[in-house]
Amino acid sequence: MARPGLQSNVALKESPLFWPAKMKGGVLLVLDETLIPQKLHYINVLNTKQAVQVIKAMKTRAFGQFLVVLNAFLLDIGNSKGLSDKALLLKLESTANALNRSRPTFPFSEVTSIVISWAKKAIEEKRDLRDYVSKNIEGYMFGIRQRRVDRVRRIAKLIKNKDSILTHCNVSGELAMAAHICRQENKEIHFFATETRPYFQGAKLTAWELKRMGAKVTLIADNAIGSIMADGLVNKVIVGSDRSCANGDFANKIGTYQIAVLAQEFGIPFFVLTQPSQKVKTGMDMPIEVRDSKELIYFKGKKILKGNFDGFYPGFDVVGHQFVTGAVAINVQS
Amino acid sequence: MFNLKENSIALLHGAIVEEELANLPKSLSVFIMEGRPNLESSEYLVGKLAMKKIKPVLIADNMAGFLFSKNLINEVWLGCSNIDSDGAIAPIGSLILAVLAFKHNIPVKCCKGVVSKGAVGKQRDLFNFKGSRVAPLGVSGYVPLIDFIPSKYIRNCYE
(Lines give C-alpha, C1' and ligand atoms only; values in the text may rest on other atoms or scores of the structure.)
Protein backbone atom coordinates (compact mmCIF):
# COMPACT_ATOMS: atom_id res chain seq x y z
CA MET A 1 0.00 0.00 0.00
CA ALA A 2 1.43 3.41 -0.93
CA ARG A 3 2.41 5.41 2.11
CA PRO A 4 1.23 9.01 1.97
CA GLY A 5 3.78 11.80 2.11
CA LEU A 6 6.48 9.98 0.16
CA GLN A 7 5.62 11.00 -3.41
CA SER A 8 8.02 13.94 -3.52
CA ASN A 9 11.76 13.45 -3.82
CA VAL A 10 12.53 16.26 -1.39
CA ALA A 11 13.76 14.95 1.94
CA LEU A 12 11.96 16.26 4.98
CA LYS A 13 13.79 18.10 7.73
CA GLU A 14 11.85 17.75 10.95
CA SER A 15 11.27 20.56 13.44
CA PRO A 16 11.37 19.61 17.18
CA LEU A 17 7.86 21.12 17.39
CA PHE A 18 6.48 18.63 14.84
CA TRP A 19 6.54 15.71 17.30
CA PRO A 20 7.14 17.31 20.71
CA ALA A 21 6.25 14.40 23.01
CA LYS A 22 7.51 10.82 23.01
CA MET A 23 7.74 7.84 25.31
CA LYS A 24 11.17 6.74 26.42
CA GLY A 25 11.81 4.03 28.98
CA GLY A 26 8.29 4.19 30.34
CA VAL A 27 8.44 7.97 30.83
CA LEU A 28 6.67 10.52 28.64
CA LEU A 29 9.12 13.23 27.56
CA VAL A 30 7.32 16.48 26.72
CA LEU A 31 9.11 19.38 25.05
CA ASP A 32 8.72 22.46 27.24
CA GLU A 33 7.74 25.00 24.60
CA THR A 34 7.84 27.86 27.11
CA LEU A 35 11.64 27.57 27.27
CA ILE A 36 12.22 27.87 23.53
CA PRO A 37 14.26 29.53 22.04
CA GLN A 38 16.57 29.68 25.07
CA LYS A 39 16.79 25.89 25.34
CA LEU A 40 15.35 22.58 24.25
CA HIS A 41 14.26 20.88 27.45
CA TYR A 42 11.96 17.91 27.92
CA ILE A 43 9.74 17.52 30.99
CA ASN A 44 9.39 14.03 32.48
CA VAL A 45 5.69 13.18 32.75
CA LEU A 46 4.95 10.06 34.78
CA ASN A 47 1.18 10.05 35.28
CA THR A 48 -2.20 11.58 34.43
CA LYS A 49 -1.92 14.41 36.97
CA GLN A 50 1.36 15.57 35.45
CA ALA A 51 -0.02 15.16 31.92
CA VAL A 52 -2.96 17.42 32.77
CA GLN A 53 -0.61 19.91 34.38
CA VAL A 54 1.67 20.31 31.33
CA ILE A 55 -1.42 20.87 29.20
CA LYS A 56 -3.09 23.37 31.55
CA ALA A 57 0.15 25.31 32.07
CA MET A 58 0.66 25.41 28.30
CA LYS A 59 4.09 23.84 28.56
CA THR A 60 2.89 22.04 25.46
CA ARG A 61 0.17 23.29 23.13
CA ALA A 62 -1.58 22.59 19.83
CA PHE A 63 -0.56 19.18 18.47
CA GLY A 64 1.74 18.50 21.42
CA GLN A 65 -1.34 18.35 23.64
CA PHE A 66 -2.83 15.52 21.57
CA LEU A 67 0.37 13.55 21.87
CA VAL A 68 0.28 14.03 25.63
CA VAL A 69 -3.36 12.93 25.70
CA LEU A 70 -2.64 9.72 23.78
CA ASN A 71 0.53 8.91 25.67
CA ALA A 72 -1.17 9.49 29.04
CA PHE A 73 -3.09 6.27 28.40
CA LEU A 74 0.16 4.46 27.61
CA LEU A 75 1.46 5.70 30.97
CA ASP A 76 -1.63 4.27 32.66
CA ILE A 77 -1.03 0.93 30.98
CA GLY A 78 2.66 1.00 31.88
CA ASN A 79 1.76 1.72 35.52
CA SER A 80 -1.03 -0.87 35.72
CA LYS A 81 0.82 -3.85 37.18
CA GLY A 82 -1.52 -5.85 39.39
CA LEU A 83 -4.70 -4.14 38.15
CA SER A 84 -7.58 -6.21 36.81
CA ASP A 85 -8.96 -5.31 33.39
CA LYS A 86 -12.01 -3.77 35.04
CA ALA A 87 -9.86 -1.66 37.35
CA LEU A 88 -7.65 -0.60 34.44
CA LEU A 89 -10.71 0.45 32.42
CA LEU A 90 -11.86 2.60 35.35
CA LYS A 91 -8.40 4.15 35.50
CA LEU A 92 -8.44 4.87 31.76
CA GLU A 93 -11.88 6.45 32.06
CA SER A 94 -10.70 8.63 34.94
CA THR A 95 -7.73 9.72 32.83
CA ALA A 96 -10.04 10.49 29.91
CA ASN A 97 -12.27 12.68 32.11
CA ALA A 98 -9.32 14.58 33.57
CA LEU A 99 -7.86 15.26 30.11
CA ASN A 100 -11.22 16.27 28.64
CA ARG A 101 -11.61 18.92 31.34
CA SER A 102 -8.10 20.31 31.06
CA ARG A 103 -8.75 22.86 28.29
CA PRO A 104 -12.36 23.39 27.19
CA THR A 105 -11.78 24.62 23.62
CA PHE A 106 -9.87 21.55 22.51
CA PRO A 107 -11.73 18.43 21.32
CA PHE A 108 -9.77 16.01 23.49
CA SER A 109 -12.92 13.95 24.05
CA GLU A 110 -12.93 13.03 20.35
CA VAL A 111 -9.64 11.23 20.94
CA THR A 112 -10.14 9.95 24.50
CA SER A 113 -13.48 8.39 23.54
CA ILE A 114 -11.73 6.38 20.83
CA VAL A 115 -9.21 5.02 23.35
CA ILE A 116 -11.98 4.09 25.80
CA SER A 117 -13.88 2.34 23.02
CA TRP A 118 -10.78 0.22 22.30
CA ALA A 119 -10.50 -0.71 25.96
CA LYS A 120 -14.17 -1.72 26.16
CA LYS A 121 -13.89 -3.70 22.95
CA ALA A 122 -10.87 -5.56 24.30
CA ILE A 123 -12.84 -6.55 27.41
CA GLU A 124 -15.94 -7.56 25.40
CA GLU A 125 -13.90 -9.69 23.02
CA LYS A 126 -11.72 -11.09 25.83
CA ARG A 127 -8.53 -9.73 24.27
CA ASP A 128 -5.37 -8.72 26.12
CA LEU A 129 -6.53 -5.20 27.07
CA ARG A 130 -3.06 -3.74 27.58
CA ASP A 131 -1.71 -5.12 24.33
CA TYR A 132 -4.80 -4.20 22.30
CA VAL A 133 -5.09 -0.62 23.52
CA SER A 134 -1.33 0.03 23.34
CA LYS A 135 -1.05 -1.27 19.78
CA ASN A 136 -4.08 0.75 18.69
CA ILE A 137 -2.70 3.95 20.23
CA GLU A 138 0.68 3.40 18.60
CA GLY A 139 -0.93 2.61 15.25
CA TYR A 140 -3.12 5.71 15.56
CA MET A 141 -0.10 7.92 16.23
CA PHE A 142 1.76 6.39 13.30
CA GLY A 143 -1.21 7.16 11.05
CA ILE A 144 -1.43 10.76 12.28
CA ARG A 145 2.26 11.22 11.70
CA GLN A 146 1.92 10.07 8.11
CA ARG A 147 -1.05 12.34 7.53
CA ARG A 148 0.79 15.32 8.97
CA VAL A 149 3.78 14.64 6.74
CA ASP A 150 1.40 14.50 3.80
CA ARG A 151 -0.11 17.82 4.85
CA VAL A 152 3.36 19.39 5.09
CA ARG A 153 3.89 18.52 1.42
CA ARG A 154 0.50 19.97 0.49
CA ILE A 155 1.34 23.20 2.34
CA ALA A 156 4.59 23.37 0.38
CA LYS A 157 2.61 23.01 -2.87
CA LEU A 158 0.31 25.84 -1.79
CA ILE A 159 3.30 28.16 -1.38
CA LYS A 160 4.45 29.68 -4.66
CA ASN A 161 7.70 31.35 -5.68
CA LYS A 162 7.96 34.97 -4.39
CA ASP A 163 5.13 34.49 -1.86
CA SER A 164 5.17 36.69 1.24
CA ILE A 165 3.17 34.85 3.86
CA LEU A 166 1.67 36.10 7.11
CA THR A 167 1.28 33.53 9.86
CA HIS A 168 0.10 33.68 13.48
CA CYS A 169 0.94 31.72 16.60
CA ASN A 170 2.55 28.34 15.75
CA VAL A 171 1.43 25.35 13.73
CA SER A 172 3.62 22.75 15.42
CA GLY A 173 6.39 22.44 12.91
CA GLU A 174 4.37 22.01 9.73
CA LEU A 175 4.90 25.45 8.23
CA ALA A 176 8.63 25.38 9.00
CA MET A 177 8.96 21.94 7.40
CA ALA A 178 7.02 23.14 4.36
CA ALA A 179 9.36 26.15 4.18
CA HIS A 180 12.31 23.76 4.05
CA ILE A 181 10.76 21.87 1.15
CA CYS A 182 10.17 25.17 -0.66
CA ARG A 183 13.80 26.09 -0.11
CA GLN A 184 14.91 22.77 -1.62
CA GLU A 185 12.67 23.53 -4.58
CA ASN A 186 14.40 26.92 -4.97
CA LYS A 187 11.25 28.91 -4.22
CA GLU A 188 12.01 32.39 -2.91
CA ILE A 189 9.61 32.96 -0.07
CA HIS A 190 9.31 35.21 2.95
CA PHE A 191 7.31 34.96 6.15
CA PHE A 192 5.91 37.56 8.50
CA ALA A 193 5.32 36.05 11.93
CA THR A 194 3.19 37.88 14.49
CA GLU A 195 4.74 37.70 17.94
CA THR A 196 1.39 36.44 19.41
CA ARG A 197 0.95 37.95 22.85
CA PRO A 198 0.74 37.11 25.68
CA TYR A 199 2.79 33.90 25.35
CA PHE A 200 4.83 35.02 22.30
CA GLN A 201 4.42 31.70 20.46
CA GLY A 202 4.96 33.51 17.15
CA ALA A 203 8.22 35.07 18.30
CA LYS A 204 9.60 32.22 20.38
CA LEU A 205 8.42 29.23 18.35
CA THR A 206 7.49 30.18 14.79
CA ALA A 207 10.21 32.74 14.06
CA TRP A 208 12.70 30.39 15.75
CA GLU A 209 11.84 27.26 13.77
CA LEU A 210 11.47 29.09 10.46
CA LYS A 211 14.92 30.62 10.99
CA ARG A 212 16.29 27.16 11.85
CA MET A 213 14.94 25.85 8.56
CA GLY A 214 16.73 28.63 6.69
CA ALA A 215 13.56 30.54 5.84
CA LYS A 216 13.43 34.34 5.60
CA VAL A 217 11.25 35.52 8.44
CA THR A 218 10.39 38.96 9.79
CA LEU A 219 8.85 39.34 13.22
CA ILE A 220 6.07 41.88 13.76
CA ALA A 221 3.92 42.95 16.68
CA ASP A 222 0.31 41.72 16.59
CA ASN A 223 -0.83 45.28 15.94
CA ALA A 224 1.15 45.60 12.68
CA ILE A 225 -0.94 43.22 10.55
CA GLY A 226 -3.08 46.03 9.18
CA SER A 227 -0.03 48.04 8.22
CA ILE A 228 1.67 45.23 6.29
CA MET A 229 -1.53 44.27 4.51
CA ALA A 230 -2.38 47.86 3.55
CA ASP A 231 1.17 48.36 2.27
CA GLY A 232 1.01 45.25 0.09
CA LEU A 233 3.79 43.44 1.96
CA VAL A 234 1.93 40.11 2.19
CA ASN A 235 0.06 38.16 -0.47
CA LYS A 236 -1.05 35.12 1.50
CA VAL A 237 -2.09 34.16 5.03
CA ILE A 238 -1.56 30.64 6.40
CA VAL A 239 -2.70 29.81 9.93
CA GLY A 240 -3.41 26.68 11.91
CA SER A 241 -6.58 25.76 13.75
CA ASP A 242 -7.17 24.29 17.17
CA ARG A 243 -10.64 23.01 16.43
CA SER A 244 -12.83 22.76 13.36
CA CYS A 245 -16.59 22.86 12.99
CA ALA A 246 -18.76 20.88 10.62
CA ASN A 247 -19.61 23.99 8.58
CA GLY A 248 -15.99 25.08 8.11
CA ASP A 249 -15.84 27.60 10.97
CA PHE A 250 -12.80 27.08 13.18
CA ALA A 251 -11.17 28.16 16.42
CA ASN A 252 -7.56 29.25 16.62
CA LYS A 253 -5.27 31.32 18.81
CA ILE A 254 -6.63 34.75 19.77
CA GLY A 255 -5.78 37.24 17.07
CA THR A 256 -6.82 35.02 14.16
CA TYR A 257 -10.22 36.66 13.70
CA GLN A 258 -8.84 40.15 13.10
CA ILE A 259 -6.29 38.73 10.66
CA ALA A 260 -9.12 37.00 8.78
CA VAL A 261 -11.26 40.14 8.65
CA LEU A 262 -8.41 42.32 7.43
CA ALA A 263 -7.23 39.71 4.91
CA GLN A 264 -10.71 39.69 3.40
CA GLU A 265 -10.83 43.48 3.38
CA PHE A 266 -7.48 43.75 1.58
CA GLY A 267 -8.16 40.86 -0.81
CA ILE A 268 -5.48 38.56 0.58
CA PRO A 269 -6.11 34.79 0.32
CA PHE A 270 -6.53 33.18 3.74
CA PHE A 271 -5.66 29.51 4.25
CA VAL A 272 -6.17 27.39 7.33
CA LEU A 273 -4.80 23.99 8.34
CA THR A 274 -7.74 22.02 9.69
CA GLN A 275 -8.66 18.79 11.42
CA PRO A 276 -12.24 18.31 10.13
CA SER A 277 -14.81 17.22 12.65
CA GLN A 278 -18.59 16.93 12.73
CA LYS A 279 -18.86 17.19 16.55
CA VAL A 280 -19.42 20.94 16.70
CA LYS A 281 -21.89 22.26 14.16
CA THR A 282 -20.86 25.90 13.88
CA GLY A 283 -18.55 28.43 15.50
CA MET A 284 -21.46 29.66 17.61
CA ASP A 285 -21.36 26.31 19.45
CA MET A 286 -17.65 26.46 20.20
CA PRO A 287 -16.66 26.85 23.88
CA ILE A 288 -13.96 29.50 24.25
CA GLU A 289 -11.44 29.32 27.07
CA VAL A 290 -10.94 32.55 28.98
CA ARG A 291 -7.64 32.34 30.81
CA ASP A 292 -6.51 33.97 34.02
CA SER A 293 -5.89 37.65 33.24
CA LYS A 294 -2.71 37.46 35.34
CA GLU A 295 -1.12 35.66 32.39
CA LEU A 296 -1.60 38.86 30.40
CA ILE A 297 -0.93 41.59 32.94
CA TYR A 298 2.05 39.99 34.65
CA PHE A 299 5.34 39.06 33.02
CA LYS A 300 8.00 37.16 34.97
CA GLY A 301 6.21 37.96 38.18
CA LYS A 302 5.89 41.73 37.66
CA LYS A 303 2.88 43.75 36.54
CA ILE A 304 3.54 45.06 33.04
CA LEU A 305 2.18 48.54 33.73
CA LYS A 306 2.02 50.81 36.75
CA GLY A 307 -1.38 51.89 37.93
CA ASN A 308 -4.83 50.51 38.47
CA PHE A 309 -6.27 48.30 35.74
CA ASP A 310 -7.81 44.90 35.09
CA GLY A 311 -7.07 42.45 32.31
CA PHE A 312 -9.09 40.21 30.02
CA TYR A 313 -7.59 37.22 28.22
CA PRO A 314 -9.78 35.21 25.85
CA GLY A 315 -7.60 32.37 24.62
CA PHE A 316 -9.13 31.79 21.20
CA ASP A 317 -10.95 33.37 18.32
CA VAL A 318 -13.65 31.73 16.25
CA VAL A 319 -13.35 32.46 12.53
CA GLY A 320 -16.29 32.00 10.21
CA HIS A 321 -15.90 29.83 7.11
CA GLN A 322 -16.79 32.85 4.96
CA PHE A 323 -13.29 34.23 5.58
CA VAL A 324 -11.50 31.06 4.42
CA THR A 325 -10.11 30.88 0.88
CA GLY A 326 -9.01 27.29 1.31
CA ALA A 327 -8.50 24.64 3.97
CA VAL A 328 -5.63 22.16 4.04
CA ALA A 329 -7.29 19.33 5.91
CA ILE A 330 -6.04 16.32 7.79
CA ASN A 331 -8.20 13.51 9.08
CA VAL A 332 -7.26 12.53 12.62
CA GLN A 333 -10.33 10.42 13.28
CA SER A 334 -9.17 7.16 11.73
CA MET B 1 -14.36 37.62 35.22
CA PHE B 2 -16.50 40.32 33.65
CA ASN B 3 -20.17 40.28 32.95
CA LEU B 4 -19.76 41.42 29.38
CA LYS B 5 -22.93 42.53 27.65
CA GLU B 6 -23.41 43.43 24.02
CA ASN B 7 -22.45 46.99 23.10
CA SER B 8 -21.07 47.62 26.58
CA ILE B 9 -17.46 48.57 25.79
CA ALA B 10 -15.64 51.71 24.69
CA LEU B 11 -12.35 50.53 23.17
CA LEU B 12 -9.58 53.12 23.39
CA HIS B 13 -6.20 53.28 21.67
CA GLY B 14 -3.57 56.00 21.58
CA ALA B 15 -2.63 59.02 23.66
CA ILE B 16 -6.05 60.69 23.64
CA VAL B 17 -5.90 64.17 25.19
CA GLU B 18 -7.50 64.67 28.61
CA GLU B 19 -10.26 67.00 27.50
CA GLU B 20 -11.53 64.31 25.13
CA LEU B 21 -11.42 61.60 27.80
CA ALA B 22 -13.74 63.75 29.91
CA ASN B 23 -16.50 62.87 27.43
CA LEU B 24 -16.31 59.10 27.92
CA PRO B 25 -19.79 57.71 28.52
CA LYS B 26 -20.04 56.57 32.13
CA SER B 27 -22.30 53.68 31.17
CA LEU B 28 -19.57 51.90 29.20
CA SER B 29 -16.70 49.73 30.37
CA VAL B 30 -13.40 51.10 29.10
CA PHE B 31 -11.01 48.66 27.43
CA ILE B 32 -7.56 49.67 26.23
CA MET B 33 -5.09 48.09 23.83
CA GLU B 34 -1.69 47.11 25.14
CA GLY B 35 0.19 48.99 22.39
CA ARG B 36 3.35 47.01 21.60
CA PRO B 37 6.25 47.40 21.33
CA ASN B 38 6.64 49.87 24.22
CA LEU B 39 3.13 49.82 25.73
CA GLU B 40 3.13 53.63 25.63
CA SER B 41 -0.52 53.86 24.68
CA SER B 42 -1.75 51.73 27.57
CA GLU B 43 0.65 53.28 30.07
CA TYR B 44 -0.59 56.74 29.12
CA LEU B 45 -4.26 55.79 29.26
CA VAL B 46 -4.06 53.96 32.59
CA GLY B 47 -2.59 57.11 34.12
CA LYS B 48 -5.02 59.57 32.52
CA LEU B 49 -8.09 57.42 33.19
CA ALA B 50 -7.10 57.04 36.84
CA MET B 51 -7.43 60.84 37.20
CA LYS B 52 -11.04 60.41 36.09
CA LYS B 53 -11.44 57.49 38.49
CA ILE B 54 -11.83 55.04 35.63
CA LYS B 55 -10.23 51.61 35.95
CA PRO B 56 -9.71 50.30 32.41
CA VAL B 57 -9.43 46.71 31.25
CA LEU B 58 -6.27 45.87 29.34
CA ILE B 59 -6.28 43.55 26.34
CA ALA B 60 -3.44 42.44 24.11
CA ASP B 61 -3.29 43.97 20.64
CA ASN B 62 -4.60 40.72 19.14
CA MET B 63 -7.76 40.55 21.26
CA ALA B 64 -9.82 43.39 19.78
CA GLY B 65 -11.28 41.13 17.10
CA PHE B 66 -12.73 38.83 19.76
CA LEU B 67 -14.63 41.71 21.35
CA PHE B 68 -16.04 42.79 17.99
CA SER B 69 -16.98 39.23 17.03
CA LYS B 70 -19.02 38.93 20.24
CA ASN B 71 -20.76 42.28 19.60
CA LEU B 72 -19.34 43.71 22.83
CA ILE B 73 -17.98 46.98 21.42
CA ASN B 74 -20.18 50.08 21.45
CA GLU B 75 -17.62 52.54 20.14
CA VAL B 76 -13.93 52.96 19.31
CA TRP B 77 -11.85 55.97 20.36
CA LEU B 78 -8.53 56.61 18.63
CA GLY B 79 -5.93 59.22 19.55
CA CYS B 80 -5.12 60.74 16.15
CA SER B 81 -3.20 63.51 14.51
CA ASN B 82 -3.42 65.15 11.08
CA ILE B 83 -7.14 64.49 10.74
CA ASP B 84 -8.49 65.69 7.40
CA SER B 85 -10.81 64.59 4.61
CA ASP B 86 -8.39 61.87 3.49
CA GLY B 87 -8.10 60.25 6.87
CA ALA B 88 -6.02 60.38 10.02
CA ILE B 89 -2.68 59.33 11.44
CA ALA B 90 -2.99 57.13 14.52
CA PRO B 91 -0.81 54.73 16.50
CA ILE B 92 -0.06 51.33 15.03
CA GLY B 93 -2.96 48.96 15.57
CA SER B 94 -5.54 51.63 14.85
CA LEU B 95 -6.12 50.43 11.29
CA ILE B 96 -7.10 47.01 12.65
CA LEU B 97 -9.65 48.65 14.96
CA ALA B 98 -10.96 50.91 12.18
CA VAL B 99 -11.50 48.03 9.74
CA LEU B 100 -13.12 45.84 12.44
CA ALA B 101 -15.38 48.73 13.43
CA PHE B 102 -16.28 49.37 9.79
CA LYS B 103 -17.17 45.72 9.22
CA HIS B 104 -19.21 45.55 12.43
CA ASN B 105 -20.94 48.89 11.93
CA ILE B 106 -19.41 50.41 15.05
CA PRO B 107 -18.64 54.16 15.20
CA VAL B 108 -15.02 55.33 15.37
CA LYS B 109 -14.28 58.57 17.19
CA CYS B 110 -11.08 60.23 15.97
CA CYS B 111 -9.93 62.18 19.00
CA LYS B 112 -7.17 64.68 19.31
CA GLY B 113 -4.11 62.76 20.44
CA VAL B 114 -0.34 62.70 20.58
CA VAL B 115 1.03 60.35 17.92
CA SER B 116 4.63 59.20 17.45
CA LYS B 117 6.63 61.45 15.17
CA GLY B 118 8.65 58.51 13.91
CA ALA B 119 7.07 56.09 11.46
CA VAL B 120 9.28 53.10 12.28
CA GLY B 121 10.59 51.99 15.67
CA LYS B 122 13.62 50.09 16.86
CA GLN B 123 13.82 46.34 16.30
CA ARG B 124 15.22 45.81 19.77
CA ASP B 125 11.99 47.18 21.26
CA LEU B 126 10.12 44.38 19.49
CA PHE B 127 12.69 41.70 20.34
CA ASN B 128 12.39 42.46 24.05
CA PHE B 129 9.49 42.67 26.48
CA LYS B 130 9.90 44.36 29.87
CA GLY B 131 13.66 43.88 29.72
CA SER B 132 13.66 40.21 28.64
CA ARG B 133 14.48 38.89 25.22
CA VAL B 134 11.47 37.18 23.60
CA ALA B 135 12.65 36.87 20.01
CA PRO B 136 15.23 34.36 18.80
CA LEU B 137 18.62 35.62 17.72
CA GLY B 138 19.11 36.29 14.06
CA VAL B 139 15.54 37.11 13.00
CA SER B 140 14.62 40.44 11.46
CA GLY B 141 11.95 42.68 12.87
CA TYR B 142 9.67 45.27 11.33
CA VAL B 143 8.29 47.86 13.74
CA PRO B 144 5.86 50.34 12.19
CA LEU B 145 4.67 52.82 14.82
CA ILE B 146 1.82 54.52 13.00
CA ASP B 147 -1.15 53.63 10.85
CA PHE B 148 -2.86 55.76 8.27
CA ILE B 149 -6.64 55.41 8.63
CA PRO B 150 -8.38 56.19 5.33
CA SER B 151 -11.53 58.23 5.78
CA LYS B 152 -13.67 55.40 4.38
CA TYR B 153 -13.17 53.55 7.69
CA ILE B 154 -14.02 56.56 9.82
CA ARG B 155 -17.78 56.24 9.72
CA ASN B 156 -18.77 58.64 12.44
CA CYS B 157 -15.78 60.83 13.08
CA TYR B 158 -16.92 63.73 15.19
CA GLU B 159 -14.99 66.74 16.44
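In what follows, chains are A, B, ... by sequence order, proteins preceding strands, each numbered from 1.
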With a 6.0 Å cut-off (strictly less than), is the heavy-atom count around [atom1] of [X], excluding the residue itself, greater than 12?
| X | atom1 | answer |
| --- | --- | --- |
| A:K216 | NZ | no |
| B:K130 | NZ | yes |
| B:R133 | CZ | yes |
| A:K294 | NZ | no |
| A:K13 | NZ | yes |

Chain A contact via [X] - side chain, backbone, both or neither, heavy atoms under 4.5 Å:
| X | answer |
| --- | --- |
| B:F129 | both |
| B:V134 | both |
| B:A50 | neither |
| B:P144 | side chain |
| B:L97 | neither |
| B:Q123 | neither |

Going from [atom1] on [X] to [atom2] on [Y], what distance comes out if it is rounded to the nearest 0.5 angstrom?
| X | Y | atom1 | atom2 | value |
| --- | --- | --- | --- | --- |
| A:I259 | B:N62 | CD1 | CG | 8.0 Å |
| A:N308 | B:K53 | CG | NZ | 11.5 Å |
| A:D222 | B:E34 | CG | CD | 8.5 Å |
| B:K103 | A:L262 | NZ | CG | 9.0 Å |
| A:S227 | B:Y142 | OG | OH | 4.5 Å |
| B:I96 | A:I225 | CD1 | CD1 | 4.0 Å |

**Asked** Are A:R197 and B:D61 close enough for a salt bridge, meaning some N to O gap below 4.0 Å?
**Response** no

**Prompt:** In terms of side-chain geometry, is the basic nitrogen of B:E43 or A:K303 positioned less than 4.0 Å from the acidic oxygen of its partner?
**Reply:** no

State, to 0.1 Å, how close [X] and [Y] come at their nearest heavy-atom pair, and which atoms those are.
| X | Y | value |
| --- | --- | --- |
| A:V261 | B:V99 | CG1-CG1, 4.3 Å |
| A:D317 | B:G65 | OD1-C, 4.3 Å |
| B:G141 | A:T218 | C-CG2, 3.8 Å |
| B:L95 | A:G226 | CD2-O, 3.5 Å |
| A:V217 | B:V139 | CG1-CG1, 4.1 Å |
| B:M63 | A:P314 | SD-CD, 3.7 Å |

**Asked** Does any N or O in the side chain of A:N223 come within less than 3.5 Å of the main-chain N or O of B:R36, such that one atom is a donor and the other an acceptor?
**Response**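 At least one qualifying donor-acceptor pair exists.
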
**Request:** Answer yes or no: is there a donor N or O on one side and an acceptor on the other, between the side chain of A:K211 and the main chain of B:G138, under 3.5 Å?
**Result:** yes

**Request:** Please determine, among B:P150, B:P136, B:S42, B:P37, the option with the most heavy-atom pairs under 4.5 Å with chain A.
**Result:**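 Of the candidates given, the most pairs with chain A belong to B:P136.
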
**Message:** With chain A as the partner, which of B:L126, B:I54, B:L39, B:I146 has the greatest number of non-hydrogen pairs under 4.5 Å?
**Reply:**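 Ranked by contacts with chain A, first place is B:L126.
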
**Request:** Taking the side chain as every heavy atom from C-beta outward, state whether B:V143 and A:I220 have any pair of such atoms under 4.5 Å apart.
**Result:** no

**Asked** Among A:F192, A:F309, A:F266, which residue forms the greatest number of heavy-atom pairs with chain B at distances under 4.5 Å?
**Response**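 The residue among A:F192, A:F309, A:F266 with the greatest pair count is A:F309.
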
**Item:** Top contributor to chain B contacts, counting heavy-atom pairs under 4.5 Å, from A:K204, A:Q264, A:K306, A:E265
**Value:**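 Highest number of pairs under 4.5 Å: A:E265.
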
Under 4.5 Å from a heavy atom of chain B, the part of [X] involved:
| X | value |
| --- | --- |
| A:D231 | side chain |
| A:L233 | side chain |
| A:F200 | side chain |
| A:I288 | side chain |
| A:I36 | neither |

**Prompt:** Between A:Y257 and B:F66, does the ring centre distance come in under 6.0 Å?
**Reply:** no

**Request:** Determine the interplanar angle of the B:F31 and A:F312 rings, folded into 0 to 90°, and report it as parallel if under 30°, tilted if 30 to 60°, perpendicular if over 60°.
**Result:**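 Plane angle over 60°, so perpendicular.
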
